[in-house]
Amino acid sequence: MEKSKIDEILVSLGFGFPESKNDNIAFEETFEKYQFEADANKIDSEKILKSLKPKKKGTNIDYHRRTVLAAEIVYKLHKENTLGHLKLQKLIYLCQHSAQMDLYTNFLKQAMGPYDNRLMRSLDKQFKVNQWFQFSGGEYLKYQPLLKVGGHREWYEKYFSNQLSEIDFIIEKFRITKTKRVELIATVFACWKEIIEEKQLFNNEILIKKFYNWHPDKSKFSKQEIIEIIEWMKNEGFYPNIDRASS
């Protein structure tokens, strides 16, 4: 039987299977001195399997839910001059992970902390389509209410009926907080969450190291600033726990 084109390509790359006695001998000689050096005790099979699962594809309801959550945050904070794109994203991130929400987002490690570029563009568009808000980056107040402002409320109470108090807590807690501080808190929260998910030993030094490894831009924060935020989060009880981090 002739080799398929795929078989030929695999063989050319060194991935072919032994097919004869000579092939077997060559294979054994190649891997005779090979040693498996990984620590089996550190292999997390659950994490490997989880990473292999295909990502959930967003539905119209998923996109609508996240738009409605963002609309509630803006509805309550649009008269504060501290609210802009960056702060809104951080508050969505904190709501999602502190209130254990199944929210369709894709927060990546960016210079400004956890950030989802597509999410922001989608929110601006949907706010305008629904006539709730218009984003104006050059204005003192970035979000201008439109004709149907508040029209999200019915959906908000339907979608998030079990998390209303947690969302309100976060909105009020950070109502007048400046963007830079919210960025710091959200990034520490994300690093803290990673440590829990990776089942690492937790202490301030490990958390601070992970924070600075997030992105070179994080050097703008001093070690003392980070320590103060960690202590604030502990005192407020505002940090990820095992159940939250696994959600």
Side-chain angles (χ1 to χ4, degrees), residues 58 60 62-99 101 103-160 163-190 214-222 225 229 232 238:
N60 289 336
D62 289 325
Y63 296 127
H64 192 237
R65 285 181 77 247
R66 70 185 192 182
T67 301
V68 167
L69 173 62
E72 176 67 11
I73 296 172
V74 175
Y75 181 72
K76 290 186 173 177
L77 299 182
H78 70 277
K79 294 182 180 179
E80 306 294 342
N81 68 336
T82 57
L83 184 66
H85 274 170
L86 186 55
K87 182 174 178 178
L88 176 58
Q89 280 240 16
K90 298 298 170 282
L91 294 183
I92 293 172
Y93 175 84
L94 292 172
C95 283
Q96 178 180 359
H97 292 288
S98 65
M101 294 179 186
L103 206 62
Y104 189 76
T105 57
N106 184 32
F107 287 103
L108 302 176
K109 286 187 175 182
Q110 303 285 351
M112 66 289 286
Y115 200 81
D116 184 340
N117 286 314
R118 290 185 177 180
L119 171 63
M120 209 69 262
R121 293 193 293 269
S122 173
L123 293 180
D124 284 348
K125 179 180 178 181
Q126 291 305 314
F127 282 175
K128 192 171 182 179
V129 167
N130 287 289
Q131 296 186 55
W132 294 341
F133 294 99
Q134 168 74 51
F135 179 77
S136 302
E139 299 293 330
Y140 179 71
L141 297 179
K142 305 294 189 296
Y143 288 92
Q144 305 298 319
L146 300 179
L147 184 63
K148 297 182 180 179
V149 63
H152 73 285
R153 292 288 297 171
E154 181 181 353
W155 292 104
Y156 172 69
E157 293 177 358
K158 176 182 177 181
Y159 286 145
F160 302 101
Q163 293 123 348
L164 296 177
S165 60
E166 290 96 330
I167 296 170
D168 283 342
F169 172 82
I170 292 172
I171 291 174
E172 294 307 319
K173 177 65 68 175
F174 300 106
R175 171 172 288 279
I176 60 174
T177 306
K178 292 183 178 181
T179 299
K180 184 179 179 182
R181 181 176 173 86
V182 179
E183 175 192 340
L184 173 55
I185 292 169
T187 308
V188 170
F189 191 102
W214 180 283
H215 190 276
D217 187 64
K218 294 307 174 188
S219 61
K220 67 186 179 186
F221 296 103
S222 70
E225 284 180 295
I229 285 297
W232 177 86
F238 192 74

Would Tyr143 and Glu80 satisfy side chain to side chain contact (heavy atoms under 4.5 Å, CB included), going step by step from the backbone distance to the final call? CA-CA 9 Å; Tyr143 288 92; Glu80 306 294 342; over 6 Å; no
Donor-acceptor pair, side chain of Gln144 and main chain of Leu141, under 3.5 angstrom: yes
From [X] [atom1] over to [Y] [atom2], what is the distance, rounded to the nearest 0.5 angstrom?
X: Thr179; Y: Gln89; atom1: OG1; atom2: CD; result: 12.0 Å
X: Ile73; Y: Phe174; atom1: CD1; atom2: CZ; result: 11.5 Å
X: Asp124; Y: Thr67; atom1: CG; atom2: OG1; result: 10.5 Å
X: Leu69; Y: Ile171; atom1: CG; atom2: CD1; result: 7.5 Å
X: Tyr93; Y: Ile185; atom1: OH; atom2: CD1; result: 13.0 Å
X: Leu146; Y: Asn130; atom1: CG; atom2: CG; result: 10.0 Å

Would Phe189 and Ser98 count as a side chain to side chain contact (heavy atoms under 4.5 Å, CB included) here? Give the steps. CA-CA 9 Å; Phe189 191 102; Ser98 65; 4.2 Å; yes
Can His215 and Thr187 be said to form a side chain to side chain contact (heavy atoms under 4.5 Å, CB included), step by step? CA-CA 10 Å; His215 190 276; Thr187 308; over 6 Å; no
Exactly one of Tyr140, Phe133, Phe127 clears ring-ring contact (aromatic ring centres under 6.0 Å, His included) with His78, and that residue is Phe133
Decide side chain to side chain contact (heavy atoms under 4.5 Å, CB included) for Thr177 and Thr82; before the verdict, give the C-alpha distance in whole Å, the side-chain angles of both, and the deciding distance to 0.1 Å. CA-CA 7 Å; Thr177 306; Thr82 57; over 6 Å; no
Salt bridge (Lys or Arg N to Asp or Glu O under 4.0 Å), paired with Glu183, selected from Lys218, Lys178, Lys87: Lys218
On a heavy-atom basis, which atom in Leu164 and which in Tyr156 lie closest, and how many Å separate them?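 Closest heavy-atom pair between Leu164 and Tyr156: CD2-CE2, 3.4 Å.
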Which heavy atom of Leu94 sits nearest to which heavy atom of Ala186, and what is that distance?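 Nearest heavy atoms, Leu94 then Ala186: CD2-CA, 4.1 Å.
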Parallel, tilted or perpendicular: which fits the ring planes of Trp155 and His64, with parallel below 30° and perpendicular above 60°? perpendicular
Side chains of [X] and [Y] in contact at under 4.5 Å (non-hydrogen atoms):
X: Arg153; Y: Glu72; answer: yes
X: Asp168; Y: Lys76; answer: yes
X: Lys142; Y: Phe135; answer: yes
X: Phe160; Y: Cys95; answer: no
X: Met120; Y: Leu88; answer: yes
X: Asp116; Y: Ile92; answer: no
X: Leu77; Y: Leu91; answer: yes
X: Gln126; Y: Trp132; answer: no

Can you name the residues that form a ring-ring contact (aromatic ring centres under 6.0 Å, His included) with Tyr75, not counting sequence neighbours?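 Partners of Tyr75 under the ring-ring contact (aromatic ring centres under 6.0 Å, His included) test: His152.
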